[in-house]
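One structure below.
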Amino acid sequence: MPTHLQAHLHAHSLREPTAFWSAAANAITWYRKPDQIFQKTAEKCTPERGVNWQWFAGSELNTCYNALDRHIESGHGSRPALIYDSAVTGTKKTYTYGDLLDEVEVFAAVLEGAGVGKGTVVLIYMPMVPQAVIGMLACARLGAVHSVVFGGFAAGELAKRITDCQPEVILTASCGIEPARIVAYQPLLQEALTLTSYKPSATILLQRPEYRAELAGMLDWDEEVCKARREGRRAGWKVLKGDDPLYVIYTSGSTGVPKGVVRDNAGHAVALTWSMQNVFGVSPGDVFFAASDIGWVVGHSYIVYGPLLHGCTTILYEGKPVGTPDAGAFWRIVNEWKVNVLFTAPTAVRAIKREDPTGALLKRHDISSLRSLFLAGERSDPETVRHFEKVLGVPIRDNYWQTETGWPLAAACCLPGKPTPTRAGSAGPAIPGYDVRVLDASTKQEVTRNTLGAVVVKLPLPPGCFSSLWKNPAGFWKYLDKFDGYFDLTDAGFIDDDGYISIMSRTDDVINVAGHRLSTGSMEEVLAAHPDVAECAVVGVKDDMKGQVPVGFVVQIANSHSLHESLPKVLQTRIRTSLGPIASLKEIYIVPKLPKTRSGKILRRSLRDIVEGRKVVVPATIEDEGVLDVVQRLVRPRL
Ligand code: COA
Ligand code: AMP
């Protein structure tokens, strides 16, 4: 059962949103306080106008000021703000709030020198190094809109993002470091720039000692910073409107075109600060370790902004849960930096469990500072939850959210003094601010408790959630169009008798691979672009460690130039170079035909059943049942 406190706060937040969010807004330092906490701006949401509400109208603030300056002004300049711990380079560096502000002020001046100001788009394609965080905060300081692209994306995906957000300036580094190889970014960036007709006016590159890139017209990060220091240039924070955009983050949808989720300044600052204390149970000065990547929303919200807005110490970890050097890496960090709360993806802890099933590596470290382990990105399976509850001796708190919401909408909250009990297999009860419902996809009516349906949030969305897609009102409308008055999360799940929400699967063609949200549509696009491919389908199938992995089915054209045997390898290479290695297909099957309905829809569910070894339910609308038999005969012997 949710404790009275979470249930009470949840009810209060929906009944009296103004009072609830007004109290939360007190944690932020405003340049100008909101005239109104919440206001309805029209009778209904419409495709042209978008949403019909506004949070914190009339407010002015600066997110970077709230994340850095004000903590120093309150006497916490010497508190560690960011601890960089790189297992792949052996580097460790602590930045106090004072140090971080110093770096951000100077780098913001460098950006100003490159023509960056309020509203300028800056794309950040960087590994997990402090300069990436400094770049993000420097943009926030100036009111520039940053768009961070995950370093594991290859040229094709990077090009799509450059084309869509048209950055004036790009920040990059000479390389990322994967355990087994150096990933040179400059060739990827160069290739991306040849794939898009858009050209940025400046690129600033951080040279890393592990690999030096040809500058070829790019500005050298360190030289620019030294020059600004020599010239005594520093940038102050700019006054921004509450609804000015802070950043755009691209995420996968059903099609190959990524969607640019826009986050504003005011709602984001209020919601994240509230969540730090009330969802994650951390106080200013606590140490928060989100083992994710700044390229994902978890990294934006809980490596960078959430902990810093709340005055915590955040850990920036460059490494993997296993293999850098072993499955004790997270516990070493918890011990060394006295981490209070760890946040990661279920796939990461499953990888740890696989390598260290008895917790022998864990026992080498003192993890007594740890209070909770939060898991998000996919459903935390009960077996994994129970294992870690046992070996860590702390609650494992699943929490459910997505790039669009920016912060969790369901979790057993760690409310001060009144934590909500967890329930293995469920994400937890709805978080204050979110009116979560489950609807029947066909009748659009609410289903009864414990019945699976489409998970939605009754409008309005709380502060911090997106309220538009970057220059894409039609794309945004799709979220609101399916169920009138609700935001469609494109997930299927149910709510139990106690209000605990369980999320079981996506309802679109998005899959979650090792905590990465990927579109099967974009993989199909890459396969279909090969001249020897007549038709294809990609489906996500279950994987014990990664949650899901993509598997492809390809129909070769008649008189194909490729050998039947070599085509899968060629296609795999295309996927890796276009989308990135994180999107590698587990298998590519060359099949004579794809199973389809009479109306021509590919039976992806049947393909999934075949690969997962389940009994295939043959839909009544199937065009040719024989195709399923042929595919089964090809796939099953190879499993
Ligand atoms: N830059 C470049 N390449 C990257 C990359 C990055 N930032 N991240 C991953 N890759 C590459 C890997 O090197 C690997 O390449 P390979 O096929 O040539 O070996 C490929 O992408 C697949 O990587 P990954 O999906 O990470 O699988 P893995 O088997 O190497 O590791 C896990 C498995 C579970 C350890 C790893 O996926 C992981 O740490 N997942 C957690 C992800 C996470 O935190 N997500 C955020 C949500 S909260
Ligand atoms: P992303 O936008 O990359 O954060 O991915 C969001 C998607 O991941 C959601 O729509 C869900 O499908 C899935 N997801 C995230 N957290 C959870 C969770 N705790 N339980 C189940 N699914 C989750």
Side-chain angles (χ1 to χ4, degrees), residues 88 125-128 149-154 175-185 188 249-253 259 261 290-303 317-324 327 329-330 343-355 374-381 385 397-411 425-428 455 466 488-493 501-508 510-519 540 543 545-549 572 575-576 579-586:
V88 288
Y125 182 53
M126 292 183 76
M128 290 282 284
V149 177
F150 174 57
F153 279 129
C175 66
I177 300 163
E178 284 298 288
R181 67 179 190 282
I182 299 272
V183 182
Y185 280 12
L188 297 170
I249 181 170
Y250 284 88
T251 189
S252 303
K259 299 182 287 189
V261 166
S292 178
D293 190 288
I294 48 151
W296 305 115
V297 70
V298 174
H300 280 59
S301 295
Y302 295 113
I303 295 175
Y317 172 59
E318 188 182 29
K320 302 277 176 186
V322 295
T324 56
F330 283 4
F343 183 146
T344 190
T347 184
V349 292
R350 282 199 299 265
I352 293 173
K353 180 175 164 225
R354 196 177 66 172
E355 306 255 313
F374 281 84
L375 297 176
E378 59 173 301
R379 179 170 175 260
S380 298
D381 58 286
V385 169
R397 297 184 183 274
D398 192 348
N399 60 116
Y400 164 57
W401 49 301
Q402 50 181 218
T403 308
E404 289 83 345
T405 66
W407 62 289
L409 61 134
S426 161
V455 184
F466 77 148
D488 180 15
L489 287 146
T490 46
D491 280 312
I501 302 163
S502 294
I503 304 298
M504 307 312 286
S505 63
R506 291 282 298 194
T507 55
D508 59 5
V510 164
I511 57 174
N512 261 300
V513 183
H516 311 309
R517 174 168 159 183
L518 301 173
S519 148
D543 181 85
M545 204 235 319
K546 295 193 172 187
Q548 279 184 302
V549 286
Q572 185 70 275
I575 291 276
R576 289 176 71 92
L579 304 181
I582 50 163
S584 293
L585 297 167
K586 187 174 181 206

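Heavy-atom basis, side chains included; hydrogens, waters and symmetry copies ignored. One-based numbering, in listed order, for ligands and for the atoms of each.
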Item checked: Which residue and heavy atom of the protein sit nearest atom 19 (O) of ligand 1, plus the separation -> Arg181 NH1, 4.1 Å
Notebook entry, point to check: Taking both backbone and side-chain atoms of Ser380, is any N or O found less than 3.5 Å from an N or O belonging to ligand 2?
Noted result: no
Margin query: Holding to salt bridge (charged side-chain N to carboxylate O under 4.0 Å, His left out), I want the full list of residues that pass it with Asp381, two or more places apart in sequence or in another chain.
Written below: Arg350
Next item on the list: Check whether any protein heavy atom sits under 4.0 Å from atom 3 (N) of ligand 1.
Entry: yes
Next item on the list: Would you mind running through ligand 2 and noting each atom that sits below 4.0 Å from a heavy atom of Asn399?
Entry: 16 (N), 18 (C), 19 (N)
Item checked: For ligand 1, the portion of Phe150 having any non-hydrogen atom under 4.0 Å away -> side chain
Next item on the list: Mind checking whether Ala291 contacts ligand 1 via backbone (N, CA, C, O), side chain (CB onward), both or neither, at a 4.0 Å heavy-atom cut-off?
Entry: backbone
Check: Between Val298 and ligand 1, which residue portion shows a heavy-atom distance shorter than 4.0 Å: side chain, backbone, both, or neither?
Finding: side chain
Checklist line | Selection from Ala345, Ala514, Gly323 by shortest heavy-atom distance to atom 42 (C) of ligand 1 | finding: Ala514
Notebook entry, point to check: Which of the atoms of ligand 2 are close to Trp401, meaning less than 4.0 Å from one of its heavy atoms?
Noted result: 6 (C), 9 (C), 15 (C), 16 (N)
Check: Which of these, Leu375, Val298, Asp398, Leu409, has its nearest heavy atom closest to atom 19 (N) of ligand 2?
Finding: Asp398
Notebook entry, point to check: Between the candidates His516, Arg517, Lys259, which shows the shortest non-hydrogen contact distance to atom 3 (O) of ligand 2?
Noted result: Arg517
Notebook entry, point to check: atom 10 (N) of ligand 1: which protein heavy atom is closest, and how many Å away?
Noted result: Glu178 OE1, 3.3 Å
Note to self: If we set the cut-off at 4.0 Å for heavy atoms, which region of Thr403 has an atom near ligand 2: side chain, backbone, both, or neither?
What the structure shows: both
Notebook entry, point to check: Does at least one non-hydrogen atom of Ser584 fall below 4.0 angstrom from an atom of ligand 1?
Noted result: no
Check: Got the closest protein heavy atom to atom 28 (P) of ligand 1, with its distance?
Finding: Lys546 NZ, 3.9 Å
